[in-house]
Amino acid sequence: QVQLVESGGGLVQAGGSLKLSCAASGDTICISAMGWYRQAPGKERELVAGIPSGGSTYYADSVKGRFTISRDNAKTTVYLQMNSLKPEDTAVYYCNAESSPVQAMCVQFDYWGQGTQVTVSS
């Protein structure tokens with residue numbers, strides 16, 4: 001089992017910055033990739049940024065150059081630095097962790113945080 005706790009959301013004016021964090025606990029050894037999704041009212045959930053244990057990061061075209069995803073040395077916490085925020089960035093942001101069978105105890109499963117609200121005013 002993996003538990004994810006998100007923090008850092010809030011209200012910011014257009015052009016401002018926020019930094020989201022997501023702390024994983026439980027069977028963190030099972031986690032391979034982590035990422036951030038967002039969902040705005042009336043819209044589908046979309047992948048914003050992803051970061052695997054190894055390899056290149058991924059960014060949606062809409063946030064490329066403005067957002068930066070990172071992980072700590074233990075790879076149990078993932079961050080999303082959001083700069084030059086726009087009103088269209090307003091959404092609930094969800095942390096995601098992919099559990100993969102990298103160990104015998106690990107199952108293949110996707111875990112989700114509770115979500116944190118980001119509101120960008122014009």
Side-chain angles (χ1 to χ4, degrees):
Q1 298 286 329
V2 174
Q3 297 81 42
L4 303 174
V5 178
E6 299 139 328
S7 62
L11 191 152
V12 66
Q13 291 185 334
S17 298
L18 284 174
K19 187 175 184 178
L20 307 182
S21 63
C22 173
S25 61
D27 298 329
T28 58
I29 191 67
C30 302
I31 298 175
S32 53
M34 298 186 74
W36 290 93
Y37 290 73
R38 69 185 181 188
Q39 187 167 24
K43 299 180 66 177
E44 296 295 314
R45 183 182 62 186
E46 63 174 338
L47 175 63
V48 177
I51 182 168
S53 297
S56 301
T57 55
Y58 168 85
Y59 296 97
D61 289 341
S62 59
V63 307
K64 192 172 299 183
R66 300 188 296 120
F67 291 10
T68 303
I69 189 170
S70 61
R71 295 172 78 169
D72 65 3
N73 292 334
K75 301 188 185 302
T76 56
T77 304
V78 64
Y79 305 92
L80 186 68
Q81 178 66 51
M82 304 184 294
N83 298 325
S84 302
L85 283 162
K86 305 174 180 179
E88 48 263 47
D89 294 319
T90 296
V92 177
Y93 284 70
Y94 296 93
C95 178
N96 166 263
E98 178 183 337
S99 176
S100 299
V102 295
Q103 299 282 344
M105 62 172 289
C106 300
V107 299
Q108 185 171 336
F109 200 82
D110 282 340
Y111 295 92
W112 297 91
Q114 80 284 359
T116 184
Q117 177 71 48
V118 172
T119 302
V120 184
S121 62
S122 60

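Applying the disulfide (SG to SG under 2.5 Å) test to every pair with at least one member in residues 42-73, sequence neighbours left out, gives no pairs at all. Evaluation of the side-chain hydrogen bond (donor to acceptor under 3.5 Å, both in side chains) test over residues 11-24, restricted to residues two or more places apart or in two chains, returns S7-S21, S17-N83. Identified under the side-chain hydrogen bond (donor to acceptor under 3.5 Å, both in side chains) test for residues 41-53, with sequence neighbours left out: R38-E46. The stretch residues 33-104 participates, sequence neighbours left out, in these disulfide (SG to SG under 2.5 Å) pairs: C22-C95. Applying the ring-ring contact (aromatic ring centres under 6.0 Å, His included) test to every pair with at least one member in residues 45-64, sequence neighbours left out, gives no pairs at all.
By the side-chain contact (heavy atoms from CB on, under 4.5 Å) test, P52 is found to be paired with A33, residues two or more places apart in sequence or in another chain being considered. Annotation: side-chain contact (heavy atoms from CB on, under 4.5 Å) contacts of T119 (sequence neighbours excluded): L11, T90, Q117. Taking the side-chain contact (heavy atoms from CB on, under 4.5 Å) definition, one finds that A23 meets it with T77, sequence neighbours left out. Residues passing the side-chain hydrogen bond (donor to acceptor under 3.5 Å, both in side chains) test with S25 are Q3, sequence neighbours excluded. Every residue two or more places apart in sequence or in another chain that forms a side-chain contact (heavy atoms from CB on, under 4.5 Å) with S100 is listed here: S32, E98, V102.
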**OP:** Let me see the working for V92 and T116 under side-chain contact (heavy atoms from CB on, under 4.5 Å), right down to the final yes or no.
**Re:** CA-CA 5 Å; V92 177; T116 184; over 6 Å; no

Could you go through the salt bridge (charged side-chain N to carboxylate O under 4.0 Å, His left out) check for D89 and K86 one step at a time? CA-CA 5 Å; D89 294 319; K86 305 174 180 179; over 6 Å; no

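Looking only at side-chain heavy atoms (C-beta outward), V48 and Y37 stay at 4.5 Å or farther from each other. Contact of the W36 side chain with the I69 side chain is registered, since non-hydrogen atoms from C-beta on lie closer than 4.5 Å. V118 places a side-chain heavy atom less than 4.5 Å from the side chain of L20.
Here OG1 of T57 is found 12.0 Å from CZ of R71. Values are rounded to the nearest 0.5 Å. The distance from atom CZ of F67 to atom CG of L80, rounded to the nearest 0.5 Å, is 6.0 Å.
For the pair V2 and A24, the tightest heavy-atom approach, listed with the atom from each and the gap, is CG1-CB, 4.4 Å. Across all non-hydrogen atoms, the minimal contact from L85 to L18 is CD1-N, 3.9 Å.
Judged by distance alone, the side chain of D27 and the main-chain N or O of Q1 form a donor-acceptor pair under 3.5 Å.
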Review item, side-chain donor-acceptor pairs of residues 104-115, under 3.5 Å, at least two apart:
{"from": "Q114", "atom 1": "OE1", "to": "E6", "atom 2": "N", "distance (Å)": "3.4"}
{"from": "Q114", "atom 1": "NE2", "to": "E6", "atom 2": "O", "distance (Å)": "3.1"}

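Heavy-atom contacts from other residues, nucleotides or ligands closer than 6.0 Å to CD1 of I29 number 12 or fewer.
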